[in-house]
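The shown structure was predicted, so the numbers you read here are calculated from the model rather than taken from an experiment. Positions are given from 1 along the sequence.
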Amino acid sequence: MHRQVGIIGSGIAGLLCASTLNEAGISCFVLDKGRGPGGRMATRYRGAFKWDHGAQYFTLQDERFQSIVIEWERLGLVQKWFDLKGVEGMGSTRYVGTDGINSIAQYLKKSLEVFQETRVDHLFYENTIWHLETEKGARFTCDELVCTQPIPQGISLLKSSGLFEGLSDGALLDSVRYEKGLSTLVVLAGASAIAEPGCLRLKDGIIAWMADNSKKGLTSEHTCVTLQAQPDFAKEHWNSLDAVRGSLMIEAAKAYLGSEVTDFHCHRWGYAFAKNPIKATHIRDGALAISFAGDGFGKSRVESAALSGVLAAEEIIQSNKFLGS
């Protein structure tokens with residue numbers, strides 16, 4: 001399959017990059033190794049239970065992203081959760097998905113050509129055309145390539161394909177490091193003891209953050225609480241059994257749970273957030289016709305990842321290659 005632009009990664013950056021290109025009449029496809037779109041904008045369903053187990057909410061600090069969120073709100077995809085310290089305004093309001101944060105990604109995917117469970121394991125760049133080969137033997141080609149997966153994954157792919165040395169800004173991209181993340185998804189027999197609005201950030205101990213999903217508006221048969229570990233704990237217990245790491249996190253959060261734990265599950269995030277994101281919205285190498293975008297840029301937040309994808313697409317649209325197409 002050939003399209004003008006190929007995008008690796010169906011997180012919010014990749015999806016908004018593709019949407020922006022489509023609106024400009026530029027054909028594109030999105031490839032992602034995961035089962036579903038959204039990346040860390042993830043919602044876990046398990047029977048009658050539901051958790052946001054990656055990004056818990058997002059904020060607005062840029063007017064361009066605000067215009068996107070206003071449209072999402074009009075469509076009923078998002079709603080306000082709470083205003084920090086009761087103050088409304090840019091940057092203060094916390095937004096969540098009305099049916100889980102992943103519902104945003106699911107909506108965006110509907111109008112795009114997205115291939116999930118499609119892992120790209122080799123790249124070629126020949127005669128100004130990118131060739132993408134997947135582990136299952138499928139082949140895709142495009143005139144421009146956009147990498148929106150975690151930056152180390154994109155760099156690793158270029159290195160294994162023998163293309164890294166020709167990349168401008170390669171050293172800068174290769175310098176980005178990510179923290180590991182660990183979430184424990186808890187089912188309670190009754191209501192939690194987490195005070196309104198239903199979330200709590202902790203500075204000491206092994207728990208960094210907890211959220212009562214029912215208080216975010218996610219309907220479920222029982223109370224579902226998301227516990228997120230501090231990076232050091234996630235790293236230390238990366239290979240521990242769920243029975244060990246989950247139990248330790250539940251014990252640390254016991255005072256805030258308030259009800260009997262009837263079930264729990266753990267989820268690991270290999271690239272939870274960038275420790276040293278690049279202070280730019282994205283990077284494009286025009287000579288090689290490749291761009292990098294995503295949560296490794298800006299402030300490693302939902303908003304900066306979203307705008308990274310949009311602005312990467314806009315630079316491609318404005319390039320001499322696609323002007324007038």
Residues 175-190 vs side-chain hydrogen bond (donor to acceptor under 3.5 Å, both in side chains), sequence neighbours excluded, gives Y178-D295, S183-W269

[Y] and [X], any side-chain heavy atoms less than 4.5 Å apart:
X	Y	value
V225	L257	yes
L112	L15	yes
T93	W81	no
H53	Q228	no
D212	Y256	no

So, for [X] and [Y], which heavy atoms are closest and what is the spacing to 0.1 Å?
X	Y	answer
Q61	K299	OE1-NZ, 3.3 Å
C17	A313	O-CB, 3.5 Å
R3	E113	NE-OE1, 3.0 Å
C266	L182	CB-CD1, 4.3 Å
A18	V30	CB-CG2, 3.7 Å
K216	Q79	O-NE2, 3.3 Å

Determine whether a donor-acceptor pair (N or O, by modelled atom type, separation under 3.5 Å) exists between the side chain of [X] and the backbone of [Y].
X	Y	value
R94	D83	no
E71	S67	no
T148	A13	no
S319	I316	yes
S304	G298	no
Q116	G34	yes
D169	L172	no
S27	Q4	yes
R284	A289	no
N102	P37	yes

[atom1]/[X] to [atom2]/[Y] distance, rounded to the nearest 0.5 angstrom?
X	Y	atom1	atom2	value
S160	D121	OG	CG	8.0 Å
L157	I8	CG	CD1	5.5 Å
T20	L311	OG1	CG	8.5 Å
L227	F264	CG	CZ	10.5 Å
L200	W209	CG	CH2	8.0 Å
H222	S192	NE2	OG	14.5 Å

Heavy atoms from other residues, nucleotides or ligands near [atom1] of [X] exceed 12 (cutoff 6.0 Å):
X	atom1	result
F164	CZ	yes
Y125	OH	yes
E196	CD	yes

Q: Might you work through the side-chain hydrogen bond (donor to acceptor under 3.5 Å, both in side chains) test for T226 and N213, ending with a clear yes or no?
A: CA-CA 7 Å; T226 302; N213 290 273; 3.0 Å; yes

#### Entry: side chain to side chain contact (heavy atoms under 4.5 Å, CB included) between L288 and S168, worked out
CA-CA 9 Å; L288 201 56; S168 65; over 6 Å; no

Transitive ILVMFWY side-chain link [X] to [Y], under 4.5 Å:
X	Y	result
I101	Y271	no
I317	I68	yes
V69	L307	yes
M41	I7	yes
I290	V146	no

Would you say the side-chain atoms of R139 and H131 include a donor-acceptor pair closer than 3.5 Å? no

Original post:
Does the side chain of T118 pick up a donor-acceptor pair with the side chain of D32 at under 3.5 Å?
Top reply: no

task = May I have the step-by-step check of side-chain hydrogen bond (donor to acceptor under 3.5 Å, both in side chains) for H265 and D263, ending in yes or no?
result = CA-CA 7 Å; H265 312 274; D263 197 6; 3.2 Å; yes

| message | Could you walk me through whether R44 and D52 satisfy the salt bridge (Lys or Arg N to Asp or Glu O under 4.0 Å) test, starting with their C-alpha distance in whole Å, then the side-chain angles of each, then the deciding distance to 0.1 Å, before giving a yes or no? | response | CA-CA 6 Å; R44 172 71 63 86; D52 281 341; over 6 Å; no

Is the distance between the ring centroids of F58 and F65 under 6.0 Å?
yes

Ring centres under 6.0 angstrom apart (F29, W130)
no

Could you check whether K50 makes a cation-pi contact with Y45, meaning its NZ or CZ is under 6.0 Å from the centre of the six-membered ring and within 45° of the ring axis? no

